[in-house]
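Contents: one structure, followed by commentary.
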Amino acid sequence: MGGIGPVSLAASDDGVRVRAPGKINVFLEVGDVDDEGYHEVATAYQAVSLYEEVWATEDDEITVEVTGTVVLGDVPVDDRNLAVRAARLLAQTTGVRTGVRLEIRKTVPVAGGMGGGSADAAATLVACDALWGTGLGSAELQRLAARLGADVPFALQGGTAIGTGRGDELSPALARGRFDWVLVPHEEGMSTPIVYGALDEHRRRHAVDIAPRRRQPAVDADVLHALRQGDAGMLAAALRNDLQAPALRLRPDLAAILETGERAGALAGIVSGSGPTLAFLAADEASAIDLRVTLSAAGLHALHVHGPVQGARTI
Ligand code: ATP
């Protein structure tokens, strides 16, 4: 057959480009530790318009290069990189023997509590699946994603979702409209295990004063209602993150910035995931633009994003 036209040849020469979003946990309740030492959580994820881009091209081995607009700090460029782990897992699962060159362009703050590494892994699964022609369905990609980390399935799926178990058991959440956020990232990231450790330590020390948790963690009905209505005011009143208190104990300077944002017109501010990125919810797009300008004028690095947005997609 007279087969491959110039268009598909050009496409394969250029490799595959995929982008995947960072996330905000608009609700995160942390329960007890399971037998393997992981915390049971109930969370409401919202994917926001701050993206990681992965460009995958054919190569003999699996390699990665990381650039971006954020402080790259200690992002590993060897087998510890979550994108490399994603490519290896896909190759092993499908029996692919060729490699891939991964070029990651990060705009999600590193160790910022917005799931940037997870977005890289999700984007890599989609990119390599297309590059290698392995054609896995979305259910199979989700299964691989869950093996890479609790936040990876959500970065693949995007939108708005409820995560239970370790955060990786996703169910869809109805969401309407758009929510406008102003993010204040920090150059120095925070380790997720250390923040969970600080929460455990606090709960141990105050076990007598803290009422025992009798039920499994669950997302508050108010949050689901606010998302369904697309009502920013209602969502602002329902925002909750159990990791916020330990994150603020570890980084007391964040409390003053939370106050600054709320005084500057945010409906509410919250620590994103395990921090230290702060997310301020605005009433609408115009208020978010004003808030970003005010925070920038106060000398803070502030970014205006919106959600929900789609998960990992070829661009
Ligand atoms: P978490 O998903 O644990 O909430 P986070 O969003 O706070 O993480 P990430 O930027 O995803 O933070 O990464 C946390 C750590 O994972 C980094 O400090 C880094 O050492 C390691 N890491 C591995 N691969 C990557 C990657 N592709 N991008 C960023 N960090 C990575």
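All ligand and atom numbering here is 1-based and tracks the order in the structure.
Contacts between Met114 and ligand 1, counted as non-hydrogen atom pairs separated by less than 4.0 Å, involve the backbone only. Of the heavy atoms in Asp151, only side-chain atoms (C-beta onward) come closer than 4.0 Å to ligand 1. The backbone and the side chain of Asp74 each have at least one atom closer than 4.0 Å to an atom of ligand 1 (non-hydrogen atoms only).
Between the side chains of Gln46 and Trp181, a donor-acceptor pair is found at a separation under 3.5 Å.
Ring centroids of His39 and Tyr196 are separated by less than 6.0 Å, placing the two rings close together.
No more than 12 heavy-atom neighbours from other residues, nucleotides or ligands sit within 6.0 angstrom of CD on Glu187.
At least one heavy atom of Pro76 lies less than 4.0 angstrom from ligand 1. Assignment of Arg85 to the shell around ligand 1 is not supported, since no heavy atom sits closer than 4.0 Å. Proximity of Ser118 to ligand 1 is established by a heavy-atom distance of less than 4.0 Å.
For ligand 1, one of its N or O atoms has an N or O atom of Ala111 under 3.5 Å away. The shortest N/O to N/O separation between Val75 and ligand 1 does not fall below 3.5 Å. Among the atoms of Val110, none of the N or O lies under 3.5 angstrom from an N or O of ligand 1.
A donor-acceptor contact shorter than 3.5 Å is absent between the side chain of Asp220 and the backbone of Asp222. A donor-acceptor pair under 3.5 Å is formed between the side chain of Asp129 and the backbone N or O of Leu136. Within the 3.5 Å criterion, the main-chain N or O of Val271 finds a donor-acceptor partner in the side chain of Gln244.
Summary of contacts: the protein heavy atom closest to atom 5 (P) of ligand 1 is Gly113 N, 3.7 Å. When only non-hydrogen protein atoms are considered, atom 29 (C) of ligand 1 lies nearest to Lys106 NZ, 3.3 Å. Of the protein's heavy atoms, Leu82 N, 4.0 Å lies nearest to atom 25 (C) of ligand 1. Among all protein heavy atoms, the one lying closest to atom 1 (P) of ligand 1 is Thr192 OG1, 3.5 Å.
In summary, the atoms of ligand 1 found under 4.0 Å from a heavy atom of Gly115, numbered by their order in the structure, are 6 (O). Close approach of ligand 1 to Gly116 (heavy-atom distance below 4.0 Å) involves ligand atoms 6 (O), 11 (O).
Across all non-hydrogen atoms, the minimal contact from Ile24 to Ser272 is CA-OG, 4.1 Å. Across all non-hydrogen atoms, the minimal contact from Ala198 to Pro246 is CB-CB, 3.8 Å. Closest approach of Asp242 and Val30 over heavy atoms only: OD2-N, 2.9 Å.
Atom 16 (O) of ligand 1 lies below 4.0 Å from none of the non-hydrogen atoms of the protein.
Among Gly117, Pro109, Ala86, the residue whose heavy atom lies closest to atom 11 (O) of ligand 1 is Gly117. Comparing Leu102, Val70, Asp120 against atom 27 (N) of ligand 1, the shortest heavy-atom distance belongs to Asp120.
Using a 4.0 Å cut-off between a side-chain N of Lys or Arg and a carboxylate O of Asp or Glu, Asp79 and Arg85 do not qualify as a salt bridge.
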Q.
Please evaluate residues Asp231 and Arg176 with respect to the criterion salt bridge (Lys or Arg N to Asp or Glu O under 4.0 Å), reporting the C-alpha separation (whole Å), side-chain torsions for both, the decisive distance (0.1 Å), and the verdict.
A. CA-CA 8 Å; Asp231 187 324; Arg176 189 193 305 167; over 6 Å; no
